[in-house]
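To keep things clear, I will list the structure first and then write my remarks on it.
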Amino acid sequence: MNSLSSTQTQMPLDRRSRRIQPHRISVGARASLAVILVLAALPMLHIPVPVLLPGQLSSSGSLLILSIGLVFAGVAISFDVVFGYTGLLSAGHALVFALGIYTTNILMHAGLGYFSAAALAIVLSGLVNTALGAIALRVKAVAFTMVTLAFGEAFYILLLVDPVGIFGGEEGLPVAFKQIPDLLASARDVRWLYWLSLAFAVVAYLLAWMATRSRCGQVWQAIRENEDRVESLGLFSYRYKLVAFAFGGVIAAAGGAVYLLVARGANPSSASVHFSLALIVMVVLGGRGRIWGAAIGGIVYGILTLRLPELSTSGVLDGLPEWASRTVSEPLFVLGFLFILIVLFFPDGIVGLVDRTNSWIRTMRRKPKNKDAEVLPSANRSE
């Protein structure tokens with residue numbers, strides 16, 4: 001009786017203690033929040049970053065380069081959902097990115113404000129991308145890649161030829177400055193443009209993080225590993241792949257709407273197959289199937305693409321021979337070389353390298369303790 005009464009009196013206390021315990025924030029969430037706060041504070045820092053940036057962190061040139069890197073990070077995240085998590089190697093992901101750029105710009109030239117035009121462009125681009133995905137996903141593997149490549153090249157040629165006369169042809173279409181808010185239109189103060197790019201990258205990261213950890217995200221990863229087994233479990237993989245294709249397209253279209261302001265116009269090169277291949281490089285460089293790895297790959301690609309051509313005139317490569325300085329200053333050569341090294345030696349990308357380093361550090365910390373544990377018993381035996 002006493003034991004029974006004691007358990008009855010203790011149960012409410014245990015339940016209350018469980019309710020009172022606060023929810024702990026994970027280490028990854030704290031690290032992500034710290035990174036976001038640091039990135040948000042960069043426009044306030046008057047610190048020079050030699051070689052990587054043209055001036056201080058707060059300068060307009062540096063913030064523009066970082067803005068492009070952040071936009072590429074968000075677009076790389078969108079492609080990682082399609083390629084890294086679902087296993088769909090799309091060679092036309094640049095199509096929806098260019099759709100976001102051109103549709104937003106055309107609507108702005110028609111008289112809509114930037115944010116209204118961007119919202120409508122994201123919806124329209126997402127619908128077009130979903131329709132194209134519904135066709136392309138009727139086939140699998142290499143055939144799917146070829147179909148998406150055909151769609152992307154067709155749209156790229158359409159932009160170049162410009163039969164309707166609204167795309168600007170090879171020269172592109174300049175942005176409608178009258179429809180841009182004053183805070184985002186200033187060429188001297190680009191802090192708000194940088195913060196808009198950062199907001200896009202953060203939202204893309206959060207949406208992808210929630211999607212990949214949902215039930216649908218688990219099915220995406222199962223499709224990547226073994227689609228036939230997913231079908232045998234009674235799941236219609238076509239629907240899940242279409243959701244991933246549409247989800248990644250919406251984020252990429254939003255990135256195009258932001259990139260329009262950063263680039264100050266729309267250019268057909270944004271729809272070329274070269275940019276689709278660049279997205280593959282970004283994801284593999286950072287780490288396929290890891291959201292923050294794709295974000296790092298996008299930032300690194302954006303900075304290297306813009307800064308490497310400037311190295312030949314900055315004086316940093318004066319000590320090298322002329323042929324070597326010209327080669328190093330070519331972004332495609334350096335990025336291609338890095339791509340080969342990562343594929344051969346670090347197939348998991350920058351994220352995999354960080355994981356290996358952390359595991360090695362943990363192993364080195366544990367070794368002395370294990371050695372002491374092994375030596376002490378032998379000493380006791382000798383005594």
Side-chain angles (χ1 to χ4, degrees), residues 32 34-76 101 114 172 174-175 177 180-202 204-205 255-267 269-270 275 278 281-282 285-286 292 294-320 322 324-335 337-338 350:
S32 301
V35 171
I36 293 172
L37 293 176
V38 171
L39 290 175
L42 290 185
M44 307 300 179
L45 302 178
H46 305 286
I47 302 174
V49 182
V51 182
L52 288 180
L53 296 176
Q56 297 179 349
L57 288 172
S58 59
S59 63
S60 299
S62 299
L63 291 179
L64 281 175
I65 292 176
L66 293 174
S67 299
I68 293 176
L70 289 172
V71 173
F72 283 176
V75 180
I101 298 174
Y114 169 72
V175 66
F177 282 97
I180 302 176
D182 295 335
L183 290 175
L184 300 175
S186 176
R188 295 182 178 180
D189 188 5
V190 296
R191 290 179 299 174
W192 291 99
L193 187 59
Y194 168 81
W195 284 325
L196 177 64
S197 304
L198 177 61
F200 160 70
V202 172
Y205 181 90
V258 178
Y259 185 78
L260 173 66
L261 297 184
V262 179
R264 300 301 185 185
N267 192 279
S269 61
S270 60
F275 189 72
V281 174
M282 294 178 200
L285 182 67
W292 70 277
I296 293 176
I299 294 175
V300 171
Y301 181 89
I303 294 176
L304 291 180
T305 303
L306 296 174
R307 290 299 299 160
L308 286 176
E310 301 293 333
L311 292 179
S312 58
T313 59
S314 63
V316 178
L317 305 177
D318 291 343
L320 297 177
E322 184 178 357
S325 61
R326 288 183 178 181
T327 304
V328 174
S329 61
E330 288 293 331
L332 293 179
F333 176 82
V334 176
L335 291 171
F337 185 71
L338 288 175
I350 297 175

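We use all heavy atoms of the structure for the numbers below, so side chains are in, but hydrogens, waters and symmetry mates are not.
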Given side chains that start at C-beta, do those of [X] and [Y] come closer than 4.5 Å, heavy atoms only?
X    : Y    : value
T305 : I68  : no
V202 : L70  : no
R264 : L64  : no
I299 : I296 : no
Y205 : S32  : yes

Do the side chain of [X] and the main chain of [Y] share a donor and acceptor less than 3.5 angstrom apart?
X    : Y    : result
Y194 : S58  : no
S62  : S59  : no
S270 : N267 : yes
S67  : L63  : yes
S186 : D182 : no

Give the minimum heavy-atom separation between [X] and [Y], together with the two atoms involved.
X    : Y    : answer
A40  : W195 : O-NE1, 3.0 Å
F275 : S269 : CB-O, 4.2 Å
V71  : G255 : CG1-O, 3.6 Å
A73  : A295 : CB-O, 3.4 Å

If you measure from [atom1] on [X] to [atom2] on [Y], what distance do you get to the nearest 0.5 Å?
X    : Y    : atom1 : atom2 : answer
L57  : I65  : CG    : CD1   : 11.0 Å
I350 : L338 : CD1   : CG    : 8.5 Å
M282 : L335 : CE    : CG    : 9.0 Å
D189 : L184 : CG    : CG    : 10.5 Å
L306 : Y301 : CG    : OH    : 9.5 Å
L53  : L42  : CG    : CG    : 9.0 Å

Residue among L66, L261, V262, V190 satisfying side chain to side chain contact (heavy atoms under 4.5 Å, CB included) with S197: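 Testing each of L66, L261, V262, V190 against S197, the sole residue satisfying side chain to side chain contact (heavy atoms under 4.5 Å, CB included) is V262.
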query: Parallel, tilted or perpendicular: which describes the rings of F72 and Y259, with under 30° parallel and over 60° perpendicular?
result: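 Because their plane-to-plane angle is under 30°, the rings of F72 and Y259 count as parallel.
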